[in-house]
Each structure stands twice: as structure tokens, then as C-alpha cells.
Amino acid sequence: MEVPVQMDSSKPAKAVKDVVEAAAEKVAGVLTPDVPGAPGSAPPTVEEPTTPHDPLPPKAEQGAPETRTPTGAKTGAPTTANGQQGAFLTTSQGARLRDTDHSLKAGPRGPILLQDHHFREKITHFDHERIPERVVHARGAGAHGLFTAYGTAEKVTKAGFLKKGRETEVFVRFSTVLGSRGSADTVRDTRGFATKFYTDEGTFDLVANNMPVFFIQDAIKFPDIIHAAKPHPDREIPQAQSAHDTFWDFVSLHTEAQHHTMWNMSDRGIPRSYRTMEGFGVHTFRLVNAAGETVLVKFHWKPKLGVHSLTWEEAQLLGGIDPDFHRRDLYDAIEAGAYPEWELGIQVFPDTPEETFAGIDLLDPTKIVPEELAPVQPIGRLTLNRTPTNFFAETEQVAFHLGHLPPGIDVTNDPLLQGRLFSYVDTQLTRLGGPNFSQIPINRPHAPVNDMLRDGFHQHAVHAGVAPYRPNSLDGGNPFPAGDDENAFVDVPVTVAEAPKVRANPVSFDDHYSQVRLFWLSMSPVEKEHIIRAYTFELGKCYHQAIKERQLQSLANIDPVLCAEIATGLGLPAPQPTVPLADVPPSPALSQVGREWPSDGRMVGIVVDPDADLDGVGQVRRAVFAAGMVPLLIAPHGGLVGDLPVQRTFATGRSVEFDVLLLAGASAPAPDAIPAREATAGAADSAAVDPRVLLMVEECWRHAKAIGAWGGGVTVLERAGVAGTPGVVTGDSGAEVFTAVQRLLAAHRVWERFPASVA
Ligand code: HEM
């Protein structure tokens, strides 16, 4: 790269500095990342900045909670006013500081003085930076967005935010359940999908999962299932996994857990992205309209990109290569403008005294109602369009609770839901350090708050008045209960049947197998194959044969073929069923294979040979951006190839980061490749092609991803032995190949490449 050299001979030192700065600027200009993910809203300079200026603005895609008072009033201040202000370093009290690198000592070699208030403040605050992580769902990622109602729910609920065209700010937090806060994203687990709707009638929290059923039917067992699924209490392993004895001990003893367990063993347990997950409210809720009429409903989120999952090998590799894969994917997609979208839908059931539909008990959270029996009716659209500005302030401090309900939405007697109504606020008292967590900016309602709750740790509000009790006359009677026509939340007066006080479940809760079989029968052969492999892997990781045998018994009660395949893998005999196999029709809506979806925000890996068709690569790169996807150039070295910026080298890139792979050249071994070692280890002859590129091709092929090549890239396909196989396309130009690959991507994977041993 040429940098103009204009030396001023009278000031040689300054002249050299100018030249270096000009060079740095040019490089920075050329290499300013145009793919998402770079930290900071402006590229840094090589030299330490020394001129005071106000904090840089957040990145363009970052959002923050609206500036509201603790009691819900708009302040009109910009959201940046919530953060640090001014150009100079200060104490927490705003006094400017001139040195934060040296503690105040009795001489340069002496002890630190107790009077060093700055040292004490800095260290003390640091010492208390951590708060307890969530007892479950500790690992998560959040985003801001907007919910727009279609108005289609107006007949069944009076909730204002569901009126036609109404737009409501939301914050969504996705999570895994089992792992600690720093655990990997791609583990096999249920995912949380919790949405806070800041409605002007009070906050509504829809605290959902990506699976429509739960392990247990009664909340009193929640500590048991979680203790069983979390790491063993003695060695604290394994982290964020269900492949261990205590989990399988529990689910094989509590056969009501079998349905949720099969969802976990299916591809739903390893989503490709938060953006490709469905969400389910699980429980049945009760909606009430302005006339006081009620219906029962189940909430569903349907992703615009369709349900799409990783393969188990991808998930495992990503656990090491990019443990933040889902988090990164969410933030990068928003930054790239590929805003994640879902439709909110409801299944609607008549509110009958039996609370059943088509013979299915609507209060049993281990049961679904197949969509073929009760279609999901869309009622609005969710778009996530801003990433958080500060992870802790927003994603970590957000507090969801099923009891956050606006008028028009009420709960049912589902015994799991009833327990959850107690648990969330209770846990947040500890996690967020007191009872005032709804005053934390991310939790502040967007409706006027007049709750008469007072004092407590971290009280942000400054309440006026002398009579925080009712009735009162000293504050003029304020606050007043809302009358019938003043849109109060009304607890629907549901009749509770006369019954003895018992610790018992309804008899209908005893069916633990019919719907697991329904799920199994609804899967395509390739999905069934994945389920078999998942069970075999997980049970194979258990030490105790008794637990495997007990779980095989449950599998026999679900399906003999399923049981036999897994038993073979475990080297154990397959037991006979102990209950009659349920005669259930499949629900095709449960399968994620066989449809086509948009490919917004997907990652396209492009292997570049610096000596090959760089113009073609440039064109493809532009086409990928134009298609709403993100191109990642993978080259033998970093920096630039021609004038194209490189995002991954052969050393830093790995196939699992990409949804499709394009090969633009033959990519000879890079200087840091060790072909001899690869050959000794039995890899294909890689003399002419970098072995890491061959590995990428092999992995993409194994994971049923579309692969495209042109020019010298075709040689790579031949060397990898995959040329001419399904989903591997070649062509005369990059543009032609990319178009073909894009079509393949719509189906998510080249499904026919997966073997399936069961029909
Ligand atoms: C249908 C069943 C359930 C679903 C869908 C569900 C979903 C969730 C989700 C999504 C979160 C994460 C919230 C966040 O992102 O901050 C969460 C957290 C939590 N859940 Fe559940 N959960 C279920 C059952 C239960 C039950 C039965 C209990 C207890 C009786 C429970 C207790 C908790 C607790 C204590 C947290 C941590 C909350 C916090 O610290 O903010 N959950 N749950």
C-alpha cells in the first residue's frame, strides 16, 4: 500500500509521525470491518488517544431501555443519559481525577495509605461487581424490539397492546436452562424465550421455552428435576449437559418427563440460532374480552426463518470453537440489518368447565394440542431490531414474572403455572438484591405506577405524600381502585369445583406416553435417526446400567423400533412394552423438514485463493450482502487479498461458523499449514490444497451444508472426494454458483445427504 511521504526536514520527528499516522489511517480506512461484530462504534487508533472528548456514542444497532422514571413516566432524556457522562475520569461522586494507575503510598516503596479513598472506592466496587446468576437459565442473550399487533385477537381479549396496529416496545431474553452463566451456547438443552412487553396497561411477560411441554406436571418437583439435570453435586460435572446419570435417573423414574425429554433429544434441543426457534407459552392461559367472555389459549412464537437446528457434531465442535455462537449470531444478525422476526399466534379453545380440548387436558403441561386440531392463529409480529448497550444492565438485570399480566390476560390452574407464579419474584429478591428490582431501568414499566410499595434496598423513587395506605384521607384518598369501566385487571371469577384438600394430580395426568409416541411418529426419517443417535449418546455417557435399562423400558413404551435401535447402540437387550402402544395420528407440523425458508443473516464462507478469481470473489461478496447474508472471506493470511478484507484465515476459520461454503480457488497450503503431518495422520493427499480447506469441505459435506465451487475450487471438491454429490454445485462463475447455493439454503440442509436407518 502506498502512503505519500511528505517530509518536513525542519521537524524530522514530526514528519515521521505524520507519515505513520497517515499510513495507519489508510489501513484503518481500508480494513474497517464491513461485517458485523467489531467492538466499539469507531475504529481505534494505534496510538493512545490523549485529547479529552465525551464518550463515543453506542454502536448504531445498539438500543437501551427508554429513559423512564422508576414509576413509569417518560423523561424525554436520550438513552445515553443513563450511562457515563463527560470527558474526564471522576470518582463516583463526580470529582475529577488525575491518576488512577498509582495508589497513594507512603513513598514509592511504602505501603498503601488507608486514606486513599479513590483506591478504596475502585477496589471495593470491583469486589462487589458479581451478583448471583439465575438459578436456572443463567446463560442468556437479550435484544430490544417492537411488537406490532394484527388486531386479530381483539375479539377474545381486551388487552390494549393486541389492538390492531398497536406497537409495543419489547425486550427478549433467550437462554439455555442448565449451564452456568459462562457455559457454551450450543449444548443440548431446552431454550428459554422470555419476552417483556412494555404495554401502556402494565408490563406483560410471556416467559416461554422453545419446547411446548415441560418435564414435570407440578411445580413442587421443579427443584428435583433441576437438581437432577444440573452438574453432580460432588464433582460439579458435567456442565450444561443432560448426558449424565442423575438426569436419566430422574426422567426414567418420573415418566411424565419422557415427552419433554424426547423434545430435548430431537433436533429442537440444538437450535441453529435463536432466530430459528419456535417459542411456546407451554401452559394454557385464559383471555378475557371487554364483555367479560373468556377463552383458553396457548401462545406460540413462529420464526420467520423457520425452525432450523444444528447437527450434533456441529453443536459439539461449536462448544469449543465458538461457545458464544448463538449470542454472536443474534447480535450479528441485528447489526447486519437481518432483524429476527417471529409471529405470535394463539391456539384458541372454548373455556369449558372440563378445561379439555379434543380429549386433551389443557391444564397438563406435558401435553400439546396438535396444530392440525387447533390451528395457530397469528395475532402479531415481533421484530428484534436493537442489541443491548450493556449486557449486565439489560440482559442480566431483566426480571421476568408470569404474574406480570395486563388486563385481558389471566392464568389457569395448571399446577406448574401456579408454582411459577410464586417462584420468579421470590428468586429475584435474592438475585437482584431486594424488592425494588422493577425500578431497574430495563424492568421499569411503561405505564404509570402507583403501587403504595415503599422503601427497601435500592429504592430509586422519591414518593410524595404521607399516606401510603388505603383507605386514606390525608393524601386525598389517592391512589384509588379502578372501577369497572376504568380498565382494571380483573381476576376472572372461575368456579373452583368443590373438592377435598389433597396432594394429588387429576387422573388424566397419568398418561405419560401417548404424546411422546405422537411426537416420534411425526418425525421424518432423518429426524428419527437424530433422535436415536441423541438418546444413544446421552445414555451411553451414563455409568450405571440400571438407569439405562430403566430408560429403555420407557422407550419401549413409546416405540419398539426406537427402543431397539438405542438398545443396540448401548449393547443391551430391548425390553417389551409394559403399556399398550398408543394409536395416535402424527402431527406433520412438528417436523422441521420439507419446507423452504428465507436465508436472512446466514453466514457464507468463501475460501479465497489470492492467485485466483478475485474479481469474481468481489462480485459474490456484494451479492451475498445484497441477499441479506454475511460473507466471511477465508484466506491463507489476514489483512487484504487484493483489495478485499479477510475475516478468517485457514488457521482461524472452521466450517461450523458457516451455513454454506464457497470455494473460489485451489488454495495451496498456507505457510502455517503442515501438510506432512496431515498426510501422516491419514488425511487425504493435501500437497496441492491447504489441509484446513479440505477439512472445511469434509465437515460441510458431513453436516449436509450446500457447497459451491468455481475455477480452481472445483479441484478442491475433487480432492475431497465430494464432487458431483447432492448439494455440491459447480459453475463457470461465482455469481452462478452462489445463486444455486442460495436455492439449496432455503431448505436449510441438503437432507438427502443424511443416512436414515429407520423409516
Ligand atoms: C413451562 C415451564 C417453564 C418455563 C417455560 C420456564 C421458562 C423460564 C425462562 C425462559 C426463564 C429465564 C428468564 C430470563 O431469561 O430471565 C426462567 C427462569 C426461571 N424459572 Fe422457569 N420455566 C418453567 C418452569 C419453571 C418452574 C416450574 C419454576 C419453579 C417453580 C421455574 C423457576 C424459574 C426461576 C427461579 C427462574 C430464574 C428467574 C430469574 O432469576 O430471573 N420455572 N424460566
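Whatever order the structure lists them in is the order used to number ligands and atoms, beginning at 1.
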Could you go through His232 and Thr246, starting from their C-alpha distance and side-chain angles, then the distance that decides it, and tell me whether this counts as side chain to side chain donor-acceptor pair (under 3.5 Å)?
CA-CA 7 Å; His232 292 199; Thr246 53; 3.3 Å; yes
Using the test side chain to side chain contact (heavy atoms under 4.5 Å, CB included), find all partners of [X] that sit at least two apart in sequence or belong to another chain.
X: Ala336; result: Pro36, Val630
X: Val449; result: Thr71, Pro445, Asp451
X: Ala229; result: Leu178, Phe247

Which atoms form the tightest heavy-atom contact between Ser587 and Glu371, and what is the distance?
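Shortest heavy-atom separation between Ser587 and Glu371 comes out as OG-N, 4.3 Å.
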Show me a pair-per-line table, with atom names and distances to 0.1 Å, of protein N or O atoms that are under 3.5 Å from an N or O of ligand 1.
residue, atom, partner, partner atom, Å
ligand 1, 15 (O), Arg173, NH1, 2.6
ligand 1, 16 (O), Arg134, NE, 2.7
ligand 1, 16 (O), Arg134, NH2, 3.2
ligand 1, 16 (O), Arg173, NH1, 3.4
ligand 1, 20 (N), Tyr424, OH, 2.9
ligand 1, 22 (N), Arg420, NE, 3.4
ligand 1, 22 (N), Arg420, NH2, 3.2
ligand 1, 22 (N), Tyr424, OH, 2.7
ligand 1, 40 (O), Arg431, NE, 2.8
ligand 1, 41 (O), Gln428, NE2, 2.9
ligand 1, 41 (O), Arg431, NH2, 3.2
ligand 1, 42 (N), Tyr424, OH, 2.9
ligand 1, 43 (N), His137, NE2, 3.3
ligand 1, 43 (N), Tyr424, OH, 2.7

Would you check, one step at a time, whether the test side-chain contact (heavy atoms from CB on, under 4.5 Å) holds for Gln515 with Ile360?
CA-CA 10 Å; Gln515 284 216 341; Ile360 299 164; 4.0 Å; yes
